[in-house]
Amino acid sequence: MEHSDQTNSFTHLQACIINRTAQVCVVGLGYVGLPFAVEKAKAGFNVIGIEQNPARAERVNQADSYIDDVSSAELQAAVNSGQLRASTDFDNIQTADVIVICVPTPLTKNLTPDLSYVEKVTTEIALRLQSGQLIALESTTYPGTTDEVMRPILEKHSGLKQGTDFFLAHSPERVDPGNQRYTTQNTNKVVGASDPQSLEVALCFYQQTIQHVVPVSSAKAAELVKVFENTFRAVNIALVNELALLCDRIDLDVWEVLDAANTKPFGIMPFYPGPGVGGHCIPIDPHYLEWKAKEVNFNTRFIALAGEINRRMPYFVRSKAFRVLNQLGIAPSKAQVLVLGATYKKDLADWRESPAIEVMTVLMQDQVTLSYHDPYIPEIEVNGQTLTSVELTPDNIAQANLVVIATDHSSVDYRQVVEQAQAVLDTRGITRKLACDQTKVTLL
Ligand code: SAJ
């Protein structure tokens with residue numbers, strides 16, 4: 001491509017981003033992609049969402065939201081305005097100016113990165129790539145994915161060159177599902193690219209709808225920023241989980257210790273123990289970095305240790321539950337246990353990688369008769385069985401020998417639960433400050 005053409009395609013792309021005539025294509029309409037697509041549509045961009053799941057694509061076009069952080073009303077507004085539609089057809093790539101990839105980056109069974117979604121989507125894009133397009137990867141991944149995995153695929157199948165013919169950047173998603181205060185618009189966003197043109201046009205795109213955009217020197221740096229953020233949480237959660245394990249040994253109340261430690265007005269940040277670490281990020285993303293580091297013969301020991309401690313927590317909950325049942329003179333195989341909460345964290349309808357499910361699984365493996373209640377999740381698969389959420393009635397609470405609080409949904413009246421229960425094992429510390437019969441409660 002002639003230099004003048006290159007300049008034209010860059011200038012043209014920047015201009016249509018600024019005047020909002022740019023056609024935006026969001027690939028993957030999940031908990032990251034759908035809020036992002038709605039934000040861009042609200043800002044006046046014409047947005048096409050490419051979603052591999054036809055049912056989801058249809059629900060978007062019917063303005064029937066399946067993502068907690070996107071209301072059907074705001075989806076309705078975006079669809080009715082004609083600014084947003086969903087499709088399963090990758091041919092829509094051909095008419096896009098900006099393509100944003102928000103597909104899953106899970107782990108394989110032995111904790112190694114699974115980039116199959118990213119690679120598949122990148123190949124589909126590469127086969128339809130046009131000069132003058134910007135591609136931005138938002139999926140959380142190890143440093144090097146954008147430059148070492150995506151770029152070769154894009155250049156090989158299209159014959160185009162990054163930085164002159166097309167533009168490539170990484171801007172890690174920063175979504176805290178359920179967070180009412182920080183949304184796509186007001187969450188600072190990091191953007192990195194490995195050539196100046198790509199960085200400039202990517203910054204221009206994100207600055208159209210996000211208040212504060214933070215440039216970094218490369219796509220690799222942007223990838224590492226995000227994996228560090230999640231590793232920071234995984235390691236600190238593991239630290240307080242390890243403290244809980246120690247406090248159990250030395251008969252101290254870890255919640256009292258942490259509450260007191262958090263009165264320090266500087267140099268500390270509150271983290272609390274729990275039944276384990278769930279969600280699509282914290283238990284997963286740090287292992288992307290651990291895997292990449294091994295390529296340069298480097299052991300990220302904090303990540304490995306944090307993962308090991310966090311994965312141990314459901315078994316610690318089981319041992320505490322059995323200790324309570326033993327004090328009641330009830331053998332596990334004779335016990336009825338009601339677990340409150342199935343999701344990975346409170347006030348969300350998401351049970352992927354949920355530690356609450358792990359807790360139920362290990363209890364059922366020891367022949368406990370188990371029921372659960374979760375206002376967000378009507379039915380779950382546990383240990384090969386389908387369980388249906390029971391009503392949280394006084395009878396259902398009272399007939400359980402033990403109630404285990406695994407997720408602390410705000411809609412539950414925990415004072416009443418303690419009053420009606422025979423015994424409570426609270427893995428979230430939600431009852432610790434309640435005015436209720438604390439002799440019936442065991443904290444993690
Ligand atoms: N957890 C604890 N103790 C804590 C905090 C969390 O046991 O002190 C557990 C939670 O119950 C949950 C898991 O860890 O099972 C993850 O919790 P999380 O609060 O990190 O929630 P996520 O994974 O939904 O969202 C996180 C974001 N959270 C926050 O910054 C508060 C953020 O790290 C990322 O933007 C997001 O993952 C992501 O998409 O990477």
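Just so you know, residue 1 is the first one in the sequence shown, and it goes up from there. We count ligands from 1, going down the list as the structure has it; atoms in each ligand are counted the same way.
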- Message: Any donor-acceptor pair under 3.5 Å linking the side-chain atoms of E58 with those of Q62?
- Response: yes

- Name the option, out of G278, G279, G274, that contains the heavy atom nearest to atom 13 (C) of ligand 1. G278

- Note on the structure: From the list T442, L443, V403, side-chain contact (heavy atoms from CB on, under 4.5 Å) with D426 holds only for L443

- Shortest protein heavy-atom distance from atom 36 (C) of ligand 1, along with the residue and atom involved: V175 O, 3.2 Å

- Measure the distance from atom 23 (O) of ligand 1 to every protein heavy atom, then report the residue, atom name and distance (to 0.1 Å) of the closest one. I282 CG1, 3.6 Å

- Query: Is it true that V277 lies under 4.0 Å from ligand 1, counting heavy atoms only?
  - Reply: yes

- Message: Please confirm whether the ring centroid of W351 lies under 6.0 Å from the ring centroid of Y344.
- Response: no

- Message: For the residue pair K40 and F205, would you count it as a cation-pi contact if the rule is NZ or CZ under 6.0 angstrom from the ring centre and within 45 degrees of the ring axis?
- Response: yes

- Note on the structure: Ranking P172, A244, C281 by closest non-hydrogen atom to atom 37 (O) of ligand 1, top hit is C281

- Lys/Arg cation over aromatic Y288: K294, 6.0 Å, 45° cone: no

- For atom 18 (P) of ligand 1, which candidate among M269, R233, M313 holds the nearest heavy atom? R233

- Task: Please indicate whether any nitrogen or oxygen in E173 is less than 3.5 Å from any nitrogen or oxygen in ligand 1.
- Result: yes

- Report yes or no: is the cationic atom of R432 (NZ for Lys, CZ for Arg) closer than 6.0 Å to the six-membered ring centre of Y272, at no more than 45° off its axis? yes

Which pairs of donor and acceptor atoms, one on a side chain in residues 415-423, lie under 3.5 Å apart (sequence neighbours left out)?
residue : atom : partner : partner atom : Å
E419    : OE2  : D437    : N            : 3.2
Q422    : NE2  : A398    : O            : 2.9
Q422    : NE2  : A400    : O            : 2.9

- Task: Classify the side-chain pair Y117/Q52 by whether it contains a donor and acceptor separated by less than 3.5 Å.
- Result: no

- Quick one: does R428 get within less than 4.0 Å of ligand 1, heavy atoms only? yes

- Per-residue contact class, I237 against ligand 1 - non-hydrogen pairs under 4.0 Å: side chain

- ligand 1 versus N230, non-hydrogen atoms closer than 4.0 Å: side chain, backbone, both, neither? side chain

- Task: Can you pull out the closest protein heavy atom to atom 10 (C) of ligand 1? Residue, atom name and distance to 0.1 Å, please.
- Result: Y344 O, 3.9 Å

- Query: Just going by heavy-atom distances, which of T407, D176, V32, T187 is nearest to atom 25 (O) of ligand 1?
  - Reply: D176

- When you measure from atom 2 (C) of ligand 1 to each heavy atom in Y272, Y31, F271, F232, which option holds the nearest one? Y272

- At what distance, to the nearest 0.5 angstrom, does CD1 of I377 lie from CG of L387? 13.0 Å

- Message: Could you identify the single nearest non-hydrogen protein atom to atom 21 (O) of ligand 1 and state the distance to 0.1 Å?
- Response: K345 NZ, 3.2 Å

- Taking it one step at a time, do D195 and Q162 satisfy side-chain hydrogen bond (donor to acceptor under 3.5 Å, both in side chains)? CA-CA 8 Å; D195 71 85; Q162 176 192 328; 2.8 Å; yes

- What part of Y182, side chain from CB on, backbone N/CA/C/O, both or neither, has a heavy atom under 4.0 Å from ligand 1? neither

